Amino acid sequence: MDLKLVRTELDAKPKKIDLEKIESLVEKDGSVILYFDRENSHKDLLELQDHFEAQGKSFYMNEVKYALSDNDYMYQVHIMA
């Protein structure tokens, strides 16, 4: 499963991260906060949640709006061991 990280520039394309990389970040730090781009499907993020909750980890996801437009949002995901 590949997910897109949040853009750092408005005209830039989002960078991708795979499930193995996310797992290694969680194992390394014990807790990680990631920001995902709005181009990710909500279904994919729910699958990510199911994956980590099946491992007994805590998973919190929020939609963060950073401007007045409906298209100006990102997903904040906090995964804790």
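In this text, all values refer to a predicted model and were calculated from it rather than measured experimentally.
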Quick one: are I22 and I79 in side-chain contact, heavy atoms under 4.5 Å? yes
Indicate yes or no: at least one non-hydrogen side-chain atom of M1 is less than 4.5 angstrom from one of L3. yes
Verify the cluster assignment for Y75 and L46: are they in a single hydrophobic cluster under the rule of side-chain heavy atoms below 4.5 Å apart? yes
Under 3.5 Å donor-acceptor pairs involving side-chain atoms of residues 57-70, not counting sequence neighbours:
from: K57; atom 1: NZ; to: E27; atom 2: OE2; distance (Å): 3.4
from: S69; atom 1: OG; to: N71; atom 2: N; distance (Å): 3.2

All pairs passing side chain to side chain donor-acceptor pair (under 3.5 Å) where residues 35-52 contributes a residue, at least two apart: K4-E39, R7-D37, R7-E39, E23-H51, Y35-Q76, S41-D44, Q49-E53, H51-Q55
With S31 via side-chain hydrogen bond (donor to acceptor under 3.5 Å, both in side chains) - residues at least two apart: H78
Could you see if V6 belongs to whatever hydrophobic cluster contains L19? Use Ile, Leu, Val, Met, Phe, Trp, Tyr and a side-chain cutoff under 4.5 Å. no
Separation between CG of D2 and CD of E20, rounded to the nearest 0.5 Å: 10.0 Å
If only atom types and distance count, is the side chain of D29 paired as donor or acceptor with the main-chain N or O of V32 below 3.5 Å? no
Is L5 linked to M74 within one hydrophobic cluster, defined over Ile, Leu, Val, Met, Phe, Trp and Tyr using a side-chain heavy-atom separation of less than 4.5 Å? no
Counting C-beta onward and ignoring hydrogens, is there a side-chain heavy-atom pair between I33 and V77 closer than 4.5 Å? no
Test log, rule side-chain contact (heavy atoms from CB on, under 4.5 Å), inputs I17 and F36: CA-CA 10 Å; I17 188 169; F36 293 104; 4.0 Å; yes
